[in-house]
Amino acid sequence: MKEQLEAIKKEALEAIDQSQSVKGLQELNVAYLGRKGSLTTVLRGMGQLSKEDRPVVGQLANEVRGAIEEALDEKQEILDHVELEKQLENETIDVTLPGRPVKVGGPHILTSIIEEIEDIFIGLGYEIKEGPEVETDYYNFEALNLPKGHPARDMQDTFYITNELLMRTHTSPVQARTMRALEGNRPVRMICPGKVYRRDNDDATHSHQFTQIEGLYVDKNVRMSDLKGTLNTFAKKIFGEDREIRLRPSFFPFTEPSVEMDILCKVCSGKGCSVCKKSGWIEILGAGMVHPKVLAMAGYDPEVYTGFAFGMGPDRIAMLKYGVDDIRHFYKNDVRFLKQFHNA
Ligand code: FA5
């Protein structure tokens with residue numbers, strides 16, 4: 001039996017030494033030490049040994065088991081290490097490979113043009129204000145000298161929510177809100193960008209939702225020449241020194257006198273096209289001297305204070321600046337169109 005045990009030990013250690021895989025090692029463990037393994041089978045015959053031989057063989061059997069277990073553990077450690085090395089090698093990342101380009105978005109062209117206009121007016125000492133898009137009839141119309149039933153309300157076809165609430169048709173209500181907040185005793189110099197809504201039929205230059213920027217300057221001794229100078233400075237900064245502008249007399253119930261400013265159409269250079277409706281000019285803003293009634297309703301004494309106001313359409317300004325022939329491009333959100341302006 002001693003020889004058998006020695007032979008098992010020799011055979012097992014050799015097999016373990018040559019084993020190349022963790023799975024192979026597990027099989028050897030079962031084959032030698034398992035319940036039906038060769039060592040266990042030999043030990044089952046111990047009962048037939050003499051009393052003297054039993055402890056000796058028992059001790060030898062334990063040594064053989066110990067040696068096999070130790071060899072299995074050592075080999076297991078080696079194979080684990082080899083496997084880990086292999087895995088690390090397979091998972092190596094080549095940090096020098098160029099990465100996949102990330103698609104970078106950019107501000108919408110209308111956002112960019114509004115920011116550009118804001119910068120011009122901040123440079124002229126104006127503050128930026130905001131107002132609600134869902135507005136009361138009072139601020140949208142009445143506080144601007146457009147009482148209920150006034151025919152000039154038809155100039156701005158309105159989306160009503162209730163009799164008293166509406167989607168603002170222009171940014172002019174922010175004039176009244178700003179003056180009210182200052183309680184009639186401080187000068188105002190503000191612009192207010194924002195979305196406005198009208199029941200206009202969409203075409204190349206009209207959208208039912210578009211953007212406006214309101215401007216208001218109220219102080220002692222503000223004159224029409226200040227308005228002209230401001231609009232001229234603005235037009236030159238946004239369109240370049242050589243772009244022609246013209247001011248036409250116009251009518252707004254909240255300004256007196258009132259004007260509209262046109263700019264030479266860039267699409268046709270003044271020859272006439274579908275964008276400028278064959279006139280060669282495109283209207284970009286309305287303006288005028290704040291009506292004394294509007295000043296008084298907002299708490300300003302029109303005998304002491306005067307002011308000018310303007311309301312421009314950044315959509316039309318972007319069309320003119322970049323030669324876009326249809327306002328609807330701004331709202332279709334076709335990335336191929338929008339990405340042309342990411343560095344504008
Ligand atoms: C007004 O909305 C006045 N509140 C402007 C104003 C403010 C006058 C302060 C005097 C003092 P108007 O309806 O003309 O005016 O619109 C002003 C500008 O908005 C237009 O010059 C045009 O550039 C733009 N606009 C008007 N309607 C549309 C539309 N449907 N789609 C795109 N832009 C429009």
Side-chain angles (χ1 to χ4, degrees), residues 110 113-114 117 129 131 135 139-141 143-146 152-159 166-179 188 190-218 222 224 226-228 230-231 234-235 238-239 245-263 265 275-277 279 281-295 298 306-321 324 326-331:
L110 290 177
I113 199 95
I114 287 172
I117 297 169
K129 295 278 182 194
E135 187 52 282
Y139 277 114
N140 197 78
F141 290 127
L144 297 169
N145 197 27
L146 274 150
R153 281 192 180 207
D154 294 348
M155 287 161 74
Q156 301 182 359
D157 218 350
T158 310
F159 290 113
L166 44 82
M167 300 305 292
R168 68 176 174 194
T169 54
H170 51 177
T171 42
S172 299
V174 187
Q175 285 184 34
R177 286 182 174 277
T178 308
M179 286 193 278
V188 187
M190 71 89 186
I191 61 162
C192 165
K195 292 197 196 89
V196 301
Y197 305 83
R198 284 187 200 176
R199 293 182 51 179
D200 279 349
N201 288 328
D202 291 359
D203 62 21
T205 52
H206 292 82
S207 173
H208 59 281
Q209 179 216 294
F210 57 103
T211 56
Q212 276 195 343
I213 299 181
E214 193 75 10
L216 176 68
Y217 179 24
V218 175
V222 179
M224 188 78 183
D226 297 315
L227 170 63
K228 235 176 135 178
T230 304
L231 294 181
F234 158 73
I238 198 99
F239 294 112
I245 61 158
R246 71 176 186 192
L247 292 181
R248 279 180 290 111
S250 184
F251 168 76
F252 297 101
F254 32 93
T255 47
E256 180 59 37
S258 305
V259 290
E260 274 179 320
M261 184 167 107
D262 299 335
I263 187 121
C265 178
V275 175
C276 58
K277 304 225 165 62
S279 73
W281 297 89
I282 295 194
E283 168 210 322
I284 58 162
L285 61 83
M289 299 306 290
V290 182
H291 198 291
K293 276 195 188 164
V294 173
L295 287 169
T306 49
F308 66 69
F310 54 84
M312 61 178 76
D315 303 56
R316 301 247 177 106
I317 292 170
M319 287 175 79
L320 285 161
K321 190 165 158 88
V324 176
D326 198 315
I327 195 170
R328 289 167 286 200
H329 287 309
F330 297 136
Y331 297 101

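Order of appearance sets the numbers: ligands from 1, and atoms from 1 within every ligand. The first residue of the sequence shown is numbered 1, and numbering continues consecutively from there.
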- Item | Phe308-Tyr217 aromatic ring centre distance below 6.0 Å | yes
- Query: Does any donor atom in the side chain of Ser207 or Asp315 lie under 3.5 Å from an acceptor atom in the other side chain?
  - Reply: no
- Message: One thing to verify: whether Arg248 and Asp262 come together as a salt bridge, which I'm taking to mean a side-chain N less than 4.0 angstrom from a carboxylate O.
- Response: yes
- Task: Would you kindly say whether His206 and Asp203 are connected by a side-chain donor-acceptor distance under 3.5 Å?
- Result: yes
- Task: Establish, for the pair Arg177 and Tyr139, whether the NZ or CZ atom is under 6.0 angstrom from the six-membered ring centre and no further than 45 degrees off its axis.
- Result: yes
- With Phe254 via ring-ring contact (aromatic ring centres under 6.0 Å, His included) - residues at least two apart: His170, Phe252
- Compile the protein residues with any heavy atom at a distance under 4.0 Å from an atom of ligand 1; present them by chain, then by number. Gln156, His170, Ser172, Gln175, Arg198, Asp200, Thr205, His206, Ser207, Phe210, Gln212, Glu214, Phe252, Phe254, Thr255, Glu260, Glu283, Ile284, Leu285, Gly286, Ala287, Ala309, Phe310, Gly311, Gly313, Arg316, Ile327
